[in-house]
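Below is one structure, written out as structure tokens, with a few remarks after it.
Computation of the quantities below employed the complete heavy-atom set of this structure, encompassing side-chain atoms and omitting hydrogens, waters and symmetry-equivalent molecules. No experiment lies behind these values; they were computed from the predicted model shown. Protein chains get the first letters and strands the later ones, always in sequence-line order, with residue 1 at the start of each.
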There are 2 protein chains.
Amino acid sequence: MAETLTLKNNIRTLRFFSNEMTQQELASKIGVTRQTVMAIEKGKYSPSLEVAFKIARIFNKPIDDVFQYTSLDEK
Amino acid sequence: MAETLTLKNNIRTLRFFSNEMTQQELASKIGVTRQTVMAIEKGKYSPSLEVAFKIARIFNKPIDDVFQYTSLDEK
DNA sequence: ACAAAATGTTAAGTATTTTATACATCAAAA
DNA sequence: TTTTGATGTATAAAATACTTAACATTTTGT
């Protein structure tokens, strides 16, 4: 049945837990534009692994804690 | 000093530990071409997070066990 | 030594990510 | 109420990932 997998993330939550970090602040820290953070946060597309690593690093989390690649209906 | 970070990976090793899986087999399993596996394995470029997840999933490992984003000189 | 399979390389094209601008909406603050 | 900062949306261009195809080199097996 070729279950459809989608990419989700906790960036928004992680930002808030990190002293209410704004999208712009996160973007600056990892060296991308605010639009990129925006698009990734909203799941508009799959970022490069490098950008994913940079984000995870800011929050001191492994990538799998920031991004989840799961079947759509997963809890 | 803006330490330079580079992306490394253990794909080659993981393939061998997985019943000597070839690049072509891995490519087929994750739905990309052999050249793509080749390029990623040799670190020619940073794959998309989605492809990274697919690879990690084949080996039943978290992404951070397959890819390392570290400073060049790191042991 | 030979054949076959696996890996490496290159080039050109397509697809996707990221940038850059610009503008709209909303909430908070002044 | 007006301004300001943060977020959302849109679009075009630039950069990068991925494909396709073809061929060269290395490794493995017979």
Please give me the minimum heavy-atom distance between B:S46 and B:L7, naming the atom from each residue. OG-CD2, 3.7 Å
Distance check needed: C:dG8 C1' versus B:I11 CD1, whole Å only. 16 Å
Polar side-chain atom of B:S48 near backbone of A:S48 as donor-acceptor pair, under 3.5 Å: no
First locate atom [atom1] of [X], then atom [atom2] of [Y], and finally report the distance between them rounded to the nearest 0.5 Å.
X	Y	atom1	atom2	answer
A:T6	B:E50	OG1	CD	9.0 Å
A:L26	A:I11	CG	CD1	6.5 Å
B:M38	B:R34	CE	CZ	8.0 Å
B:S28	B:M21	OG	CE	10.5 Å

For [X], enumerate each residue passing the side chain to side chain contact (heavy atoms under 4.5 Å, CB included) test, keeping only those at least two apart in sequence or located in another chain.
X	value
B:T22	B:Q24, B:E25
B:Y45	B:T36, B:A39, B:I40
B:Q35	B:T33

Of all nucleotides in DNA chain D that come within under 4.0 Å of a heavy atom of chain A, which is furthest toward the 5' end and which toward the 3' end? D:dA6 to D:dA10
Tell me which residues in residues 48-66 of chain B put a heavy atom below 4.0 Å from DNA chain D, sorted by number, or none. B:S48, B:V51
Considering just the side-chain nitrogens and oxygens of B:R12, establish if one lies under 4.0 Å of OP1 or OP2 belonging to C:dG8. yes
Between A:T36 and C:dT18, is there a contact of a side-chain N or O with OP1 or OP2 at under 4.0 Å? no
Tell me, please, which residues at least two apart from B:Q68 pass side chain to side chain donor-acceptor pair (under 3.5 Å). B:N10
For B:K42, which contact category applies under a 4.0 Å heavy-atom criterion: base, sugar-phosphate, or nothing? sugar-phosphate
For side-chain contact (heavy atoms from CB on, under 4.5 Å), just list the numbers for B:L49 and A:V51, CA-CA rounded to whole Å, side-chain angles, deciding distance to a tenth of an Å, and then say yes or no. CA-CA 9 Å; B:L49 180 56; A:V51 168; over 6 Å; no
Can I get a per-line list of side-chain donor-acceptor pairs under 3.5 Å for residues 52-65 of chain A, giving both atom names and the distance, sequence neighbours left out?
unit_1, atom_1, unit_2, atom_2, d
A:R57, NH2, B:Y69, O, 2.6
A:D64, OD1, B:I63, N, 3.0

For B:E41, what residues pass the salt bridge (Lys or Arg N to Asp or Glu O under 4.0 Å) criterion, not counting sequence neighbours? B:R12, B:R15
So which protein nitrogen or oxygen atoms get under 3.5 Å of nucleotides 21-30 of chain C's nitrogens or oxygens?
unit_1, atom_1, unit_2, atom_2, d
C:dT21, O4, A:Q35, NE2, 2.4

Dot-bracket summary - DNA chain D, pairs being Watson-Crick or G-U whose distances fall under 3.5 Å, with | when paired to another strand: ||||||||||||||||||||||||||||||
Nucleic acid contacts of residues 13-29 of chain B, taken as heavy-atom distances under 4.0 Å to DNA chain C: B:R15, B:T22, B:Q23
